[in-house]
Amino acid sequence: NLETGVPTGISTIKGLLSMLSTSKATTVQELVHNLREATAEFKKIDCSTIAVRSASDLFTLFITQKEHARLEREDFESCRKFMLTRGATFLARLEKSAEKIVQVSQPFLTSASRVMVHGKSRVVAGALISACKSRDIEVVLTKSSGDMAKTLLSENIHVEVIDDLAVGVEMHKVDCVLLGAEGVVETGGVVNQLGSYSVALIAKSLNKQVYVMAESFKFVREYPVCQEDLPEEYLYPPSKVGQDKN
């Protein structure tokens, strides 16, 4: 099971590490097959499927690098233990990624006094909380961003919640736009909460900077030319795939 309250990508890697430690596989190929089966099971849970896909792909690539050469010198069990060590190292690095993004984002917010946020993102919230420790920033938050307002208000950040349809009216009053991301594809496109595309287009038309904050484990090997090229599983939770979305 994926952990609640933990980013989907991190939770996926923890699950794969657990599977790796108990796997009965005797070859690298069999082990990779088991990892793919576990990933397929994770995708059945109502969570960000694109995050599960990207995290599992990166994890598998990271732990199996150079393992075929190692097998020529050592037995498989030694290789599996080494994979566990590499996997734990990989997880530790990724768990620090949100903190690094918060640090790197600060120079981009130095001149901002009013920012627009669309969607609920731990990284965006962290960046704003950090920035507001040294200065006041007013956050214009779209209504569909859910509990994001509660998170920011608990840190004494001034928040103005607006209707999603009012984005065009409010955009000229803000200095920049902050977005999170469910995933980032190879073509540079961002998969995020419904409405992000409209927000970004309005920002571009008014020459407002849009900053997307996303951890490296959210980068997925997909090459969509347009939104219609994205697999349906990336756009809807598993319980909604194949059903009427209306």
Side-chain angles (χ1 to χ4, degrees), residues 1-14 45-52 54-55 91 94-167 169-171 173-184 190-200 202-203 208-218 236-237:
N1 294 331
L2 298 181
E3 295 181 49
T4 55
V6 177
T8 303
I10 296 293
S11 187
T12 297
I13 292 171
K14 286 183 176 180
I45 302 170
D46 271 359
C47 61
S48 173
T49 304
I50 191 170
V52 172
S54 58
L91 176 62
L94 293 186
E95 286 181 322
K96 296 177 181 178
S97 58
E99 183 180 328
K100 288 183 179 179
I101 293 172
V102 168
Q103 293 173 356
V104 171
S105 69
Q106 297 311 297
F108 296 95
L109 299 175
T110 52
S111 61
S113 59
R114 185 177 169 88
V115 303
M116 181 176 289
V117 175
H118 177 70
K120 183 180 178 181
S121 166
R122 293 180 181 86
V123 182
V124 170
L128 288 170
I129 291 169
S130 179
C132 288
K133 288 178 181 178
S134 58
R135 60 193 178 281
D136 291 330
I137 295 180
E138 184 178 354
V139 178
V140 178
L141 187 69
T142 56
K143 188 178 291 184
S144 63
S145 300
D147 294 336
M148 187 73 163
K150 189 184 297 182
T151 301
L152 297 176
L153 287 170
S154 67
E155 298 291 335
N156 297 317
I157 297 175
H158 181 73
V159 177
E160 178 186 350
V161 179
I162 63 169
D163 193 274
D164 287 36
L165 295 176
V167 167
V169 176
E170 296 292 332
M171 185 64 74
K173 302 176 186 177
V174 303
D175 299 307
C176 63
V177 177
L178 302 182
L179 299 174
E182 293 286 336
V184 181
V190 175
V191 180
N192 196 40
Q193 179 170 319
L194 185 66
S196 298
Y197 184 55
S198 301
V199 171
I202 294 170
K208 303 292 183 178
Q209 292 290 338
V210 178
Y211 300 115
V212 179
M213 302 182 185
E215 301 93 323
S216 59
F217 60 78
K218 291 183 177 178
Y236 306 101

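- Side-chain contact between Leu179 and Val190 is absent, with no heavy-atom pair separated by less than 4.5 Å.
- Smallest separation of non-hydrogen atoms from Ala125 and Thr151: CB-CG2, 4.2 Å.
- Here the side chains of Phe217 and Ile10 are in contact, with some heavy-atom distance below 4.5 Å.
- Residue-environment remark: CD1 (Ile162) exceeds the threshold of 12 foreign heavy atoms within 6.0 Å.
- In this structure, the separation between CG on Leu165 and OG on Ser198 is 9.5 Å, given to the nearest 0.5 Å.
- Pairing each heavy atom of Ala181 with each of Val212, the nearest pair is CB-CG1, 4.0 Å.
- Arg114 and Glu170 are joined by a salt bridge, as a carboxylate oxygen and a charged side-chain nitrogen come within less than 4.0 angstrom of each other.
- With sequence neighbours excluded, no residue satisfies side-chain hydrogen bond (donor to acceptor under 3.5 Å, both in side chains) with Asp163.
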>> Test side-chain contact (heavy atoms from CB on, under 4.5 Å) on Thr142 and Val117; report intermediate values, then the result.
In response: CA-CA 7 Å; Thr142 56; Val117 175; over 6 Å; no
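- In this structure the side chain of Leu141 never reaches within 4.5 angstrom of the side chain of Met116, judged on heavy atoms.
- Here the closest non-hydrogen pair linking Ala149 and Val159 is CB-CG1, 4.4 Å.
- Using a 4.0 Å cut-off between charged side-chain N and carboxylate O, Asp147 and Lys120 make a salt bridge.
- Considering every non-hydrogen atom in both Val210 and Ala203, the closest pair reads CG2-CB, 3.5 Å.
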> Where do Val52 and Cys47 land on the side-chain contact (heavy atoms from CB on, under 4.5 Å) test, with the steps shown first?
Replying inline: CA-CA 8 Å; Val52 172; Cys47 61; 3.8 Å; yes
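- The shortest distance between side-chain heavy atoms of Cys176 and Lys208 does not fall below 4.5 Å.
- A salt bridge does not link Lys133 to Glu155: none of the charged nitrogens lies less than 4.0 Å from a carboxylate oxygen.
- Between atom CD1 of residue Ile101 and atom OG of residue Ser130 there is a gap of 13.0 Å, rounded to the nearest 0.5 Å.
- Panel note: side chain Ser11, backbone Pro7; no donor-acceptor pair is recorded below 3.5 Å.
- Qualifying side-chain contact (heavy atoms from CB on, under 4.5 Å) partners for Phe108, counting only residues two or more places apart in sequence or in other chains: Tyr211.
- Distance alone, capped at 3.5 Å, is enough to place a donor-acceptor pair between the Gln106 side chain and the Ala131 backbone.
- Nearest approach of Ala98 to Val123, heavy atoms of both residues: CB-CG2, 4.1 Å.
- No side-chain heavy atom of Ile137 sits under 4.5 Å from any side-chain heavy atom of Ser113.
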>> Between Ser144 and His118, does the side-chain contact (heavy atoms from CB on, under 4.5 Å) criterion hold? Intermediate values first, please.
In response: CA-CA 8 Å; Ser144 63; His118 177 70; 3.3 Å; yes
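- No side-chain heavy atom of His158 sits less than 4.5 Å from a side-chain heavy atom of Asp136.
- Taking CE from Met213 and CZ from Arg122, the interatomic distance works out to 15.5 Å, rounded to the nearest 0.5 Å.
- A heavy-atom distance below 4.5 Å is not found between the side chains of Val140 and Val161.
- A donor-acceptor contact shorter than 3.5 Å is absent between the side chain of Ser145 and the backbone of Met148.
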> Between Val177 and Gln209, does a side-chain contact (heavy atoms from CB on, under 4.5 Å) hold up when you go through it step by step?
Replying inline: CA-CA 6 Å; Val177 177; Gln209 292 290 338; over 6 Å; no
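- Residues Val115 and Val174 fail the side-chain proximity criterion, which asks for heavy atoms closer than 4.5 Å.
- One finds the CG atom of Leu94 at 11.0 Å from the OG1 atom of Thr12 (value rounded to the nearest 0.5 Å).
- The CD atom of Gln103 sits 9.0 Å away from the OG atom of Ser105 when rounded to the nearest 0.5 Å.
- The OG1 atom of Thr8 sits 8.0 Å away from atom NZ of Lys218, with the distance rounded to the nearest 0.5 Å.
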